[in-house]
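In each ligand, atom 1 is the first atom listed, and ligand 1 is the first ligand listed. In what follows, residues are counted from 1 in the order of the sequence shown.
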Amino acid sequence: MSKLLITPGPTNVPEEIREIMGMDLIHHRAEDFHNMIIRMGDSLKKIFETKHRVMTLTASGTGGMEAAVVNLFSTGDKVVVINVGNFGRRFVEICETYHLEVIELEYEWGTTYDLDQVKQVLAEEDDVKGLFVQYSETSTGVLNNLKELGKLTAGTETLLVADCISGMVVNEFKFDEWGIDCAIAGSQKGFLLPPGLAFIALSKRAEKAMYNSNLPKYYFDLKKAIRFLREKHETPFTPAIPIMIAAEKACNMLLEQGLEEIQAYHTDLRMYVEKRVKELGFKLFVKNPDARGNTLVTVTREDDVDLNKLKNDIDAKYDITLAGGQGDYAGKILRIGCLGKLTKADFDKLFSHMEEFLAEYK
Ligand SMILES: *Cc1c(COP(=O)(O)O)cnc(C)c1O
């Protein structure tokens, strides 16, 4: 029995992509791989909306986050981290692991950052080397406005580092236009792929910062990755070749469909989900409509329905997997993914099963 994943990643992978992963391997030091990586690099640029190089790392998304930290900063650098949930907290932890001086701006789960406060902190603190933020904060469903932050860091010494791992593809994203300095994406979120690859783009000034960074790194040394790409069209180490071949295909599929089309489709889908969950007696966890994105819909309830039980019952009986709450919100929220290959019909199925269990629990 196959599972329907209605989670904010990993997502269901289309059949044609899964077939490619079962095909014969190509060698990562051979000509056909070189050509593949060139084509894929071009596609990734289009998806990131950038003229800069986008690198592929064999790692889950967190590896991409760590790569951003260790490549762009130096011991003791002062950075500001916007923390609106679990993944914001992760940036704080990675920065602290490498002995950066972290100013953490923490906001209540379900809300976005306070622009005036960020503005004030950047104005008051001198020598802030980095501003870290999640695009989509997957633990709460909040979509942070990156464009406004890009306006704050433009023309300053502060690099804007955005974890766009779950935010990219289904939400509008413009690396160059918004003035992002480093963006990280992950294969298992919006890209129709399984986990295993992280994509990372650097602006010109981020690339400059990279050559001055003194933090320790080996596997994630992007200087090496850039040199290999430029000189040989290769990665420094053996990449996850089957996922890379699949990624080339997936990027093509996304670009053929068109990013605007995809984003419009997911906006419509997400709003449909929001409407249906309200009818089922759920409350939307993100109260501010401007802070909601297309990655997931996060819901809570005011009655005493055990949301973990609901999630487990639906999975056990109907093979539909949802995501529960993280941290303090375990059992208190449900995270309904709208990423990947999902249709209204998939959600209709989910909601009819929810209705059945909700009636049963009464
Ligand atoms: C999924 C995700 C990550 C990365 O998680 P991995 O398990 O390392 O792939 C990081 N940030 C956000 C916002 C995510 O949604």
(message) Under the rule for ring-ring contact (aromatic ring centres under 6.0 Å, His included), what residues qualify as partners of F285, not counting sequence neighbours?
(response) Y329
(request) Please say whether the positively charged group of K217, taken as NZ for Lys or CZ for Arg, lies over the ring of Y98, i.e. under 6.0 angstrom from the six-membered ring centre and within 45 degrees of the axis. (result) no
(message) Going by ring pair (Phe, Tyr, Trp, His ring centres under 6.0 Å), F199 matches just one of F191, F48, F173. Which one?
(response) F191
(request) Under the side chain to side chain donor-acceptor pair (under 3.5 Å) rule, collect the residues that match up with D24, sequence neighbours excluded. (result) none
Write out each pair where an N or O from ligand 1 and one from the protein are under 3.5 Å apart, with the distance.
| residue | atom | partner | partner atom | Å |
| --- | --- | --- | --- | --- |
| ligand 1 | 8 (O) | S60 | OG | 2.5 |
| ligand 1 | 8 (O) | G61 | N | 3.4 |
| ligand 1 | 8 (O) | T62 | N | 2.8 |
| ligand 1 | 8 (O) | T62 | OG1 | 2.5 |
| ligand 1 | 9 (O) | G61 | N | 2.9 |
| ligand 1 | 9 (O) | Q188 | NE2 | 2.7 |
| ligand 1 | 11 (N) | D163 | OD1 | 3.4 |
| ligand 1 | 11 (N) | D163 | OD2 | 2.6 |
| ligand 1 | 15 (O) | T138 | OG1 | 2.4 |
| ligand 1 | 15 (O) | K189 | NZ | 2.6 |

(request) Please name all residues satisfying ring-ring contact (aromatic ring centres under 6.0 Å, His included) with F175, sequence neighbours left out, ordered by chain then number. (result) none
(message) Can you see whether Y272 has K344 sitting over its ring - NZ or CZ less than 6.0 Å from the centre and within 45° of the normal?
(response) yes
